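What follows is one structure encoded as structure tokens, with my remarks underneath.
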Amino acid sequence: MGGFDPPAGGSRACLEHIKLETQTSPAHVQVCLKFIFLVETPGPAAVMLRLRSAVFRAVAPPSRVLACRFSAAPIPAPNTQPEVHYNKLFINNQWQDAESGKTFPTINPATGEVICQVAEADENDVNKAVKAASDAFRLGSPWRRMDASHRGLLLNRLADAIERDAAYLAELETLDNGKPYAVAYSVDLPNVVKCLRYYAGWADKWEGKTIPIDGDYFCYTRHEPVGVCGQIIPWNFPLLMQAWKLGPALATGNTVVMKVAEQTPLTALYVASLIKEVGFPEGVVNILPGMGPTAGAAIARHMDVDKVAFTGSTEVGHLIQQASGSSNLKRVTLELGGKSPNIVLSDANMEDAVEQSHFALFFNQGQCCCAGSRTYVQADIYDEFVERSVERAKRRVVGDPFDMKTEQGPQVDQEQFNKILGYISSGKREGAKLMCGGGVAADRGYFIQPTVFGDVQDNMTIAREEIFGPVMQIFKFKTLEEVLTRANDSKYGLAAAVFTKDIDKANYVSSGLRAGTVWINCYDVFGAQAPFGGYKASGVGRELGQYGLENYTEVKTFSFVLLPQSLKMTVEEISI
Amino acid sequence: VENSPESNAGQSRNLCPDLKIFFHIACTRIFINNEWHVSVSGKVFPVYNPATGEQICEVQEADKADVDKAVQAARLAFSLGSVWRRMDASERGKLLAKLADLVERDSVYLATIESLNSGKPFLPTLFVDLQGTIKTLRYFAGYADKIHGTSIPMDGEYLTFTRYEPIGVCGQIIPWNFPLMMAAWKLAPALACGNTVVLKPSEETPLTCLYVAALVKEAGFPPGVVNILPGFGPTAGAAIASHMGIDKVAFTGSTEVGKLIQEAAGRSNLKRVTLEMGGKNPNIIFADADLDLAVEQAHQGVFFNAGQCCTAGSRIYVEEPIYDEFVRRSVERAKRRIVGSPFDPTTEQGPQVRSHQNRVLEYIQSGIQEGAKLECGGKALGLKGFFIEPTVFSDVRDDMRIAKEEIFGPVQQIMKFKTVEEAIERANNSDYGLTAAVFTTDINKAMTVSTAMQAGTVWVNCFNALSTQCPFGGYKMSGNGRELGESGLKEYLEIKTITMKTVTKNS
């Protein structure tokens, strides 16, 4: 370095200081939005004043607050015919046709029309992908030698890339899955990004321990990756389920062979292109669109897959566990169905309970494993609750998922559509009272009317089986003991909720419920930080949170002998 | 002779950046409430380039009145219901990650200013200090939403859980040897946990820290969350340590000042105190060690950053059979050490920081007077700037000043030992306990020595292997508490136990 030139970044950065005075960054906008919410909530005047002074400092002059409300990034208008860029298998960071040459159509559930053909993976392709994933996991590979913090950095970069392309991904998700675009953009995508960022942070924090073992030994543990992980994900939250699976698996250093649902393969394949773009080494993530009985089964029984994680129906979960048992005892985690009780006590805030219970069941066209599909309402408020719930369901806007006003799009495919209509018939046949809906909602596509059943009995099919559609069952109960017994009388145990203002009742019911997640005065509250998973036949293991890392880690114990006496001898020998 | 430090330094000591860089030093004021302030007293102080002794610019000098202003801003930012208190933990993490991205974006500029102001060579600054800063910010960004309390199966009909809450307003006082990195070590855990900060950088090296203040604002931290006050220890530093509105003080610097901080906390409001202070760190080399590795690591261990490291391995204990050879090779290595302009890419060692050159030279004189053998170096270099020759002493006895006190300069002391027990005892016979190292190929010796060392960090067959994931701090008078790693978070949290009466209980 002979002479010295001032760095380019320097002068630019200095200019930016001046701009800072007038700049409103996205973070500020968010702060403003939160603040707007705050000041509109009634509260003690003193607190309000303090808030005002604190926040106006952040966004002064005050007129900026109003400006923020409108300048805060609105949901961008969707392109209703997003281009499909990727429809092949993703193995070793390359796009490949299926070995068999086969393809399958993926359908737009809003119209029933074919969007495009997608390469169909089966056993041979799974073998190729497992080979790539095993190579990427071999001792001394770039992935195995990579600093944990760098794995975290790659995951952060993936989150950044998804955030950059969020509008496109939301369009594609809506096209392929049918969920309202506004929801895909404002719920699914932000949670995908948050999940990846959350696990990015864990990459270099998943610490082993040193252990004070008895005797002259030194003992420590390391949390090592399990190896090649098969991951089979469902169609109800294609992007989010992909993030839930990839985040912890990659943070802990595994390699992945992921089969995405044949109903909704498109967004996962686009994310594959981002995985390559941000620099994950080849073979670390392999993504295969395909069918359960072929590609899925090949993963579950593969002798070189060290772990399989599955999200889907309890029926298929049984098959996965069996396949593991009859092959190599691969580790199995399952996140399966539910028939989650939602208990509304008579002292609850009625308006809130009705709205939350409606949301609990109808969110995502009812296609949620944690849907609150058994709504237990205390006898003295039962009639009013049913009446209000019916009124709310009737107001639910069903329609074109690209329309911003739409609350409910189509079911995902013909099979689900038929199955749900079958359940509605069984409800009527078995004597439940159909309060509203019950039929098809449009001439084409797989739309079903928001449906509410009253007077449902615990032994009816619609009270015991997972419907996975916009069909609400409302039950009556009298005492807490009774409702706990009835709520727990299910083979499932995924989620549950209780609505009450009484702290003792809330504690009693929430601790008594046999479910992996219990919400109190809310529903479907998810955070990447909070574990999620099922008791009983709703699953094995937990996803999200720190607990989610355990599924992707082998604990290795190292013990070695310390020999102080022999050391003395060695020293004496040296001094001689 | 051609490779002597004198001739190397002669080639490049004048290779210092053009003065036009000075026009780019935009941040020279006090940063309070995301705004730039002049000092209440109107005072300023000069900041120097230690490679030339010339003044770079003047900086606003914070005093007690400015500390009061900053604490008021930090308290407001921490008030219940404030934007910062209501912010999602993951959002705090996102702001810290954004700050890391901005530091990364401007890393060349920051490294340039850091070199100019502290005298450390530009390339190591870019690759060590800047990377360390960025990684620390990213690491703690990831922790923001992973600070878990627990729910506790307590006896009786109760529901008990803990919350890990921020302490409040944290005073942070940082040194001049790694100005940026120390700022990151302090800011990142404090902000990840949700505290607000009043930070005083050293009067020797305030410039990069003030630039980071601008990035804090650009990243979108709410006003008052981070306040940066350039100033002096006896005025601004003392005001922080004794302030009744500060809940916690974290200090990195000399043990002498550390004691004053602890006293000030005791006299004022019993604020929490964490200290990261001096060291006189033993580096034990066994005869079975890989000698090339040990010589090089021991050399880097003491000479890195011109010897201005609290971690410096400044007491090298070498096993008798290899002592003479080790000294010979260490001297040869020290003579090859290139001293020169921080902006010459071949430079290994820049100047000492301005205020410190005389003190180091005085220690060297004391070593000669007390009978240690001066093997090489020992003098100041050149007419301009504050350079000192890489200096090696052999035949050092444990009772000499250079064996007991922290020199904080490019001066290596080499001692001789015979048995493991002796080495352990002599190594531990110090008021300090920051780091230690052992070089051996025998796993038993490695474990015996490393478990016996009274030191917060022990390196085996390596030195200065610091990383943001690993806790760092001192035993004994080297400090209180730990920085970095998960342990570093605990220093910025209060644990609150919440116990709720319930009517019934089930497991």
Side-chain angles (χ1 to χ4, degrees), chain A residues 1-4 6-11 13-14 16-17 20 23 25-28 30-31 34-35 38 47 50-51 53-55 57-58 148-149 152-153 156 194 197-198 200-205 207 218 503-504 507-508 511-512 527-529 546 560 562-564 566-568 570-571 574-575, chain B residues 15 17-18 20-21 24 26-27 33 76-77 79-83 86-87 90-91 93-95 97-98 105-109 112 135 138-139 141-143 145-146 148 159 214 217-220 222-224 287 321 343-345 418-420 442-445 447-448 469 486 500 502-504 506:
Chain A
M1 198 185 283
F4 185 85
S11 51
C14 290
E16 276 161 10
H17 296 165
L20 277 175
Q23 190 178 336
S25 69
H28 272 115
Q30 285 199 4
V31 167
K34 276 195 178 174
F35 175 60
L38 272 178
V47 176
R50 206 157 52 210
L51 286 174
S53 59
V55 175
R57 263 165 219 283
S149 67
L153 195 63
N156 261 325
K194 282 187 176 190
R197 291 219 172 102
Y198 177 78
W202 269 123
D204 60 355
K205 300 174 183 68
E207 300 173 348
F218 177 67
I503 196 170
D504 289 330
N507 283 332
Y508 173 71
S511 61
Q529 303 90 354
Q546 182 174 355
F560 62 80
L562 289 178
L563 293 171
S566 74
L567 177 64
K568 262 184 194 161
T570 318
V571 172
I574 290 172
S575 8
Chain B
L15 258 177
D18 193 293
K20 68 188 169 200
I21 185 72
H24 296 285
C27 311
N33 240 338
L76 187 64
S79 57
L80 272 182
S82 74
V83 175
R86 292 185 45 83
M87 188 180 282
S90 67
E91 185 65 24
K94 216 171 139 186
L95 289 178
K98 173 80 176 163
R105 180 194 71 189
D106 296 344
S107 54
V108 171
Y109 177 75
T112 306
K135 284 189 172 187
R138 290 219 171 101
Y139 176 79
Y143 251 127
D145 62 355
K146 299 173 183 67
H148 296 149
L159 171 62
K217 182 173 177 177
E218 183 180 351
F343 292 97
D344 180 335
K418 286 186 178 162
T419 69
V420 180
D442 181 329
I443 196 170
N444 286 308
K445 280 184 206 164
M447 288 309 297
T448 302
Q469 298 93 359
E486 189 179 7
M500 199 183 286
T502 60
V503 283
T504 56
N506 284 285

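Bear in mind that the values here come from a model prediction, so they are computed numbers and not experimental data. We name chains A, B, ... by the order of the sequence lines, and we start the count at 1 in each one.
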Check your understanding: Under a 4.5 Å heavy-atom cutoff, which of B/A97, B/S107, B/G142 has the most pairs with chain A?
Key -> B/G142
Point to revise | Proximity breakdown for B/T502 and chain A, heavy-atom pairs closer than 4.5 Å | key: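 Answer is both: backbone and side chain atoms of B/T502 are under 4.5 Å from chain A.
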Point to revise | Engaged part of B/K135 at the chain A interface, taking heavy atoms whose separation is under 4.5 Å | key: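 For B/K135, the contact with chain A is made by the side chain alone.
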**Study point:** Listed partners of A/Y508 passing ring pair (Phe, Tyr, Trp, His ring centres under 6.0 Å), at least two apart
**Key:** none
Point to revise | Inter-residue atom distance A/F218.CZ - B/N444.CG, 0.5 Å rounding | key: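 Between A/F218 CZ and B/N444 CG, I get 12.5 Å after rounding to 0.5 Å.
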Check your understanding: For the atom pair CG (A/D504) and CG (B/L159), what is the distance rounded to the nearest 0.5 Å?
Key -> 11.0 Å
Using a 4.5 Å cut-off on heavy atoms from C-beta on, say whether the side chain of [Y] contacts that of [X].
X      : Y      : answer
B/H148 : A/Q546 : yes
B/K146 : A/Q529 : no
A/R197 : B/K94  : yes
A/S149 : B/Q469 : yes

Practice item. Select one option (side chain, backbone, both, neither) describing which atoms of A/N507 are under 4.5 Å from chain B's heavy atoms. Key: side chain
Point to revise | A/Y198 portion near chain B, given a 4.5 angstrom heavy-atom threshold | key: both
Review point. Under 3.5 Å, is there a donor-acceptor pair between the side chain of A/K194 and the main chain of B/S90?
Key: no
